[in-house]
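Residue indices begin at 1 and follow the sequence shown. Worth knowing before you read on, the calculation uses all heavy atoms, side chains too, and leaves out hydrogens, waters and symmetry mates.
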Amino acid sequence: MNEKRRNRIRSFHAPEKQKSETPSEKHTKTRPYSDTRPNKNNDSIRPRKSGGSFSRKRFSNSNSRFGSAENQKKETNQKPETLSLPQLTQGNIRIIPLGGVEEIGKNMTAIEIGDDIIVIDSGFQFKDADTPGVDYILPNTKYLEERKDKIRGVIITHGHLDHIGGIPYIMYRIGNPPIYSRALTTIMIKKRQEEFPQLPPLDIKLVEKEDTIFLGKLKVKFFAVTHTIPDSMGIIIETPYGVIVTPGDIKLEHEDGIPTEREQIEYARFEKEKVLLLLMDSTNVDNPGFSTPEKLVCKNLEEIIRNTKRRLIIGTFASQLERVVSIIQAAEKNGKKIVIEGRSMKQNIEIVMSLGRLKVKKETIISVEDIENYPPDRVVVLATGAQGDEFAALMRMSTKSHKYLKIGKRDTILLSSSVIPGNEKSVQKLKDNLSRLGAKIIHYRTSDVFIHSTGHGNRGELEWIHKKIKPKFFIPIHGNHYMLRIHEELAQNLGMPEKNIIVPDNGMIIEIQDKGEKIVQLKQTAPSSPVMVDGFAVSDVQEVVMRDRKMLSDDGMFVIVAIIDLKTGKLRKSPDLISRGFVYLRESQELLGLTRLVIKKSIEDSTRGMNPINFDFIKNNVTDDVARFLLQKTAKHPIVIPVVLGV
């Protein structure tokens, strides 16, 4: 990783509160959002009438800071906020979903019993339309940071990024407690942590299904679950009133809607358990029936690999490890070579090979540089980028920017993945580009056979699990609010009283009280505002920063550089104007000429009778006047940034 990039930190700050004004300062201070004008007779300032309902845009700049290991720590000049939340009453159990219950991603849940806190998962969420420019969105861990001495461990259910992605950004903030995970998950965490050498080493402890550990005074057990990545596990936490169960992300192996014997055996354990609380994945709860079994998808992919007489390029998620392993094994079985394209794909395949989960002949996997040495119909390319990611392997092929792989009429592209909400346009662009190059495209919606399966159980699978676990209380997790409500309805249809179900929001504090007899939602909540990873800065990016970024993307910015004669208060020269994303300057000379007149009048009217020059006051007036003028002339709202210098 580039050292300069690693050390570059951008921190965002909320605007500081204004100090109270002294009488001597009042003649130079202005109210933040009122227009003012100096009185000709003295230096005091009187309000200037506002121009109707016009509201100007303000630009809040961010500063840069450089460093290394300490870069991700909070600003030292900010006083730590102490949460005024009630202490946990002895005998009660507190559950706080810190992330993953208002969105898909950033899964994290805290369970507090007595003096012990157990954290389940530490994921992140990718940016969306409301968070332009950031890299990832994290759960808010303020509650845990103030109770880090009580955290006994972080348990990771599986190795997908929405469950492990936040570890490098969160662990040091909560005291770097031990992490408990299965073999594959452990290696994936360690591999990702190598990208952050400045952070303290993680304390990772390996556990496997059927293991039992003690975290503080709490006894914790594990069981195997089915998902799209090996070594996924569910968690059982023992309490005095029964066990708390969370399977993590889950689906079922089944044949025609009948769970396999392995699933039957795995869930038979709950026949002897008194289950106090179930927290369960809600992602696909509104899909009826049972999901497509992964083994059926793998069988169909093998048939396609065998029968395709052209070069076959398969795009899928690098995290779909069971499918990736199956594709490689099918290619070898049918005498074809495999080319791996995409950093994450190569990395994950190296991990499963190191664990012995994938065993192939050395000559089966070839480098992309050697692809021309083999007939096209004897090569299968396994690539990332099925979501239309700009710099992923498939997109580079589609835009002819890949150094070695050139798409043509003899290629078949198989997209073995669903479209993640929000990626529709980028996936369509990918398919359009590939089609223009003459490739044949097989997509999961157009294929005659199943070539993709979800990693989350449909409604029928969730019903079966509810019936096997038989919890007293239920909290749906992992999904948008609509999904959680549908899951609540499912539980009620199975006979659970409405009072025994709580549909959470991020930061909601839920308690099981009266010795396990009732579940309640407290009025108080833990902090839940999203935490952003922006470059290598981790902070509560202020709403004003996001608002400015959206404004810049909508209407651009308009920069004014003006020089004032300190003696006369008049302009020394015609102001310089810079436009980015607003108007093309060469074709807008008339507009610029009129704008310069507005600037000149605004500055010279503002400085008339003013001594000394109040630059903040002048900039506020120029911002208002120019923004209003540009709105009238262009119907656009660029961010106006005045730079006023005195000579």
Aromatic contact, H163 with H478 (centres under 6.0 Å): yes
Can you list everything that forms a salt bridge (Lys or Arg N to Asp or Glu O under 4.0 Å) with [X]? Sequence neighbours excluded, please.
| X | result |
| --- | --- |
| K429 | none |
| K431 | none |
| R596 | none |

Nearest non-hydrogen partners of [X] and [Y], listed with the distance:
| X | Y | result |
| --- | --- | --- |
| D162 | G105 | CB-CA, 3.8 Å |
| P168 | L199 | O-CD1, 3.0 Å |
| M395 | S426 | CE-O, 3.9 Å |
| S417 | A386 | OG-CB, 3.2 Å |

[X] versus [Y]: any side-chain heavy-atom pair under 4.5 Å?
| X | Y | answer |
| --- | --- | --- |
| L85 | I509 | yes |
| V647 | D565 | no |
| L630 | F558 | yes |
| L522 | P86 | yes |
| L279 | T109 | yes |
| K400 | L437 | yes |
| I599 | I560 | yes |
| L577 | V559 | no |

Output all residues satisfying side chain to side chain donor-acceptor pair (under 3.5 Å) with [X], sequence neighbours left out; order by chain, then residue number.
| X | value |
| --- | --- |
| D505 | none |
| D389 | none |
| Q347 | none |
| T454 | N284 |

Keeping [X] on the side-chain end and [Y] on the backbone end, is there a donor-acceptor pair under 3.5 Å?
| X | Y | answer |
| --- | --- | --- |
| Q387 | S418 | yes |
| S282 | I477 | yes |
| N614 | F617 | yes |
| N140 | S529 | yes |
| D281 | D249 | no |
| D121 | G123 | no |

[atom1] of [X] to [atom2] of [Y]: how many Å apart, nearest 0.5 Å?
| X | Y | atom1 | atom2 | result |
| --- | --- | --- | --- | --- |
| K191 | S344 | NZ | OG | 12.5 Å |
| I564 | L645 | CD1 | CG | 8.5 Å |
| R396 | S401 | CZ | OG | 6.5 Å |
| Y169 | F196 | OH | CZ | 3.5 Å |
| L394 | N433 | CG | CG | 11.0 Å |

Ring pair (Phe, Tyr, Trp, His ring centres under 6.0 Å) partners of H160, counting only residues at least two apart: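 For H160, the residues satisfying ring pair (Phe, Tyr, Trp, His ring centres under 6.0 Å) (neighbours in sequence not counted) are H158, H227.
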From CA spacing to verdict: side chain to side chain contact (heavy atoms under 4.5 Å, CB included), I117, R147: CA-CA 9 Å; I117 294 177; R147 295 161 179 80; 4.0 Å; yes
Ignoring hydrogens and angles, write down the donor-acceptor pairs under 3.5 Å from the side chains of residues 580-592, residues two or more places apart or on other chains.
residue: S588; atom: OG; partner: Y584; partner atom: O; Å: 2.9
residue: Q589; atom: NE2; partner: L585; partner atom: O; Å: 2.8

Qualifying residue for side-chain contact (heavy atoms from CB on, under 4.5 Å) with L144, from I151, I96, V154, I170: I151
Pairs satisfying ring pair (Phe, Tyr, Trp, His ring centres under 6.0 Å), at least one member in residues 591-616, at least two apart: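 Residue pairs with at least one partner in residues 591-616: there are none.
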Looking only at side-chain N and O atoms, does [Y] offer a donor or acceptor that is under 3.5 Å from a partner on [X]?
| X | Y | value |
| --- | --- | --- |
| S602 | N621 | no |
| Q125 | N107 | no |
| N506 | S528 | no |

Pair listing, salt bridge (Lys or Arg N to Asp or Glu O under 4.0 Å) test, anchored in residues 477-486, at least two apart: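 Of all non-adjacent pairs touching residues 477-486, those that pass salt bridge (Lys or Arg N to Asp or Glu O under 4.0 Å) are R485-E488.
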V285/N287 under side chain to side chain contact (heavy atoms under 4.5 Å, CB included): CA gap, chis, key distance, verdict: CA-CA 6 Å; V285 67; N287 293 344; over 6 Å; no
Stepwise salt bridge (Lys or Arg N to Asp or Glu O under 4.0 Å) check, K106 with E103: CA-CA 8 Å; K106 66 183 180 77; E103 62 277 310; 3.5 Å; yes
Crowding at NZ, K150 (>12 non-hydrogen neighbours, <6.0 Å):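 Counting other residues, nucleotides and ligands, NZ of K150 exceeds 12 neighbours.
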More than 12 heavy atoms from other groups under 6.0 Å of NZ on K570: no
Ion pair check, K403 and E341, cut-off under 4.0 Å: no
K600/E604 salt bridge by N-O under 4.0 Å criterion: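 Between K600 and E604 there is a salt bridge, with a charged N closer than 4.0 Å to a carboxylate O.
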Side chain to side chain contact (heavy atoms under 4.5 Å, CB included) against D432, all qualifying residues, sequence neighbours excluded: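 In terms of side chain to side chain contact (heavy atoms under 4.5 Å, CB included), with neighbours along the sequence ignored, D432 is linked to Q428.
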